[in-house]
2 protein chains.
Amino acid sequence: MPKQVDHHERRTLLADALLRVAANRGLMDVSLRHVAAEAGVTAGMVQHYFRTKDEMMIFALDVVAARVQARLEDDPDATGDDPRRLVGALLVQLLPLDADRELEGRVAVAYHAYAATRPDVAARLRQDTEGMRAAVAGRIRAAGHAGPLDPEIAATGLLALVEGLAVHVLGGHLAPDAARATLDGHLDVAFGSVSTPPRAARSGSRA
Amino acid sequence: MPKQVDHHERRTLLADALLRVAANRGLMDVSLRHVAAEAGVTAGMVQHYFRTKDEMMIFALDVVAARVQARLEDDPDATGDDPRRLVGALLVQLLPLDADRELEGRVAVAYHAYAATRPDVAARLRQDTEGMRAAVAGRIRAAGHAGPLDPEIAATGLLALVEGLAVHVLGGHLAPDAARATLDGHLDVAFGSVSTPPRAARSGSRA
DNA sequence: TCCGATACGTTGCGACTGCAACGCAAAAGG
DNA sequence: CCTTTTGCGTTGCAGTCGCAACGTATCGGA
């Protein structure tokens, strides 16, 4: 072989450029040439590593998933045995609270729209969320007989909540702090550790 | 004047075609020519009614908003004085439970992505959700001292929840029934009318 | 009856798209 | 040394895009 280049590394580099373009200018502006320009290479090289555009798009999606996974793995909060803390650590990774996650969030929204027409993209998205839903539901059950909601419903709700909060934050409809507070509140509900009601409620029950 | 055509009606007709294209083939396929073809007219006519593409896009967004509004106005559930029922009627309109709302949902997702690059689209989206958030929060407060969550947080959460559920249903990650059940469960929580916990909990409290 | 405004349709332009094809340089193996 | 494989750049092509310009037909008012 000649130059001997790490194929996967190159692809990741290009996928990075793609994600930047997608986040900053929208998925409609993701073209071979734009990605190449963003990466500082020629369009020909992009074609060399991805034979088709769709191949590149899907690979970029995998890169995001891997990145979230990686961030989760070296999160101190995500290790331990407090289910509530574990689930919180997982879900907060999906909220665009810093620059990195904002970029990923924009990409995620764009891909959700993209998935409407690309079944294989939809499938990959689906498998990711299904995995997380199962994880969350399991943790809630592990916390034992707690919240007022069925664990499956609570898990589905939390995941959808985070998705919606992310959309609202990205759209400027919601401050990041408010999103975090809303997530915390619903985590409390899901795990049954309800903080004191805002106004005098019926009977304050606590563990 | 010649032919004397209802300008607004024509624009609505074209916007309808746009929405169909957006829902079925994605926003990236929305072009003057495609919209024209879908509407069964020439591209020139589309240009006659919308001087620019962006003008058309924003008008189409208004059409969706008006349609939701209209559907809400002749919904028997949306009239009455039970706050919980009112909010439920409002939020369920945003869930893709039938063909019409599925189309609108796809459009909404596409536009959320689109808004990332178009500030005026983002502003219009923002104003719509802000109005609904205020309405929901008001209704929750009107229900009085009920759920474990602050009314503002509960309203924000419900709106985000519905948004997320819609995305998951559209992506095929979630069955429509499950989405509805999840919404119902969280409405119960928000309004403090908690249905019986799934497994033996502490103390079954009911009104 | 002429005028002009409105309602379209047609054409064309420059820019851009994804992609195939080809070309050349470099390096490992014979 | 020479062939072959791999990395990467260039060019070209058919198609699409938004949009401006122009053409025409139709009607109401003067």
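Residue numbering restarts at 1 for every chain, and letters A, B, ... go by the order of the sequence lines.
- The distance between atom CG of B/Leu32 and atom P of D/dC17, rounded to the nearest whole Å, is 8 Å.
- Note on A/Val30: only backbone sugar-phosphate atoms sit closer than 4.0 angstrom, heavy atoms only; bases stay farther off.
- Using modelled atom types, one side-chain atom of B/His34 and one backbone atom of B/Asp29 make a donor-acceptor pair closer than 3.5 Å.
- No side-chain donor-acceptor contact under 3.5 Å links B/Asp75 to the backbone of B/Arg71.
- Listed pair A/Thr52 / C/dC19 meets the phosphate criterion, a side-chain N or O lying under 4.0 Å from OP1 or OP2.
- The distance from atom CZ of B/Arg25 to atom C1' of D/dC17 is 14 Å, rounded to the nearest whole Å.
- In this structure, the side chains of B/Met57 and B/Tyr111 come closer than 4.5 Å at one or more pairs of heavy atoms.
- Nearest nucleotide to the side chain of B/His48, out of D/dC17, C/dC8, C/dT17: C/dC8.
- Taking only side-chain nitrogens and oxygens, A/Thr42 never comes nearer than 4.0 Å to OP1 or OP2 of D/dT10.
- In terms of phosphate contacts, B/Arg33 brings no side-chain nitrogen or oxygen within less than 4.0 Å of OP1 or OP2 of D/dG18.
- Phosphate contact (OP1/OP2 of D/dG7, side-chain N/O of A/Tyr49, threshold under 4.0 Å): absent.
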With 3.5 Å as the limit, what N/O pairs link the protein to nucleotides 20-24 of chain C?
| from | atom 1 | to | atom 2 | distance (Å) |
| --- | --- | --- | --- | --- |
| C/dA20 | N7 | A/Gln47 | NE2 | 3.4 |

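- Between the B/His186 side chain and the B/Thr182 main chain, a donor and an acceptor come within less than 3.5 Å of each other.
- Within the 4.0 Å cut-off from OP1 or OP2 of D/dC17, at least one side-chain nitrogen or oxygen of B/Ser31 is found.
- A salt bridge links A/Arg11 with A/Glu55: the closest approach of a Lys/Arg side-chain nitrogen to an acidic carboxylate oxygen falls below 4.0 angstrom.
- Dashed line: the shortest gap from a side-chain N or O of B/His34 to OP1 or OP2 of D/dT16 is not under 4.0 Å.
- Under 4.0 Å is where a charged nitrogen must lie from a carboxylate oxygen, and between A/Arg180 and A/Asp177 no such pair does.
- Within the 4.0 angstrom heavy-atom criterion, no nucleotide atom of any strand lies near B/Val46.
- In summary, B/Asp188 and B/Arg84 engage in a salt bridge, as defined by a charged side-chain N under 4.0 Å from a carboxylate O.
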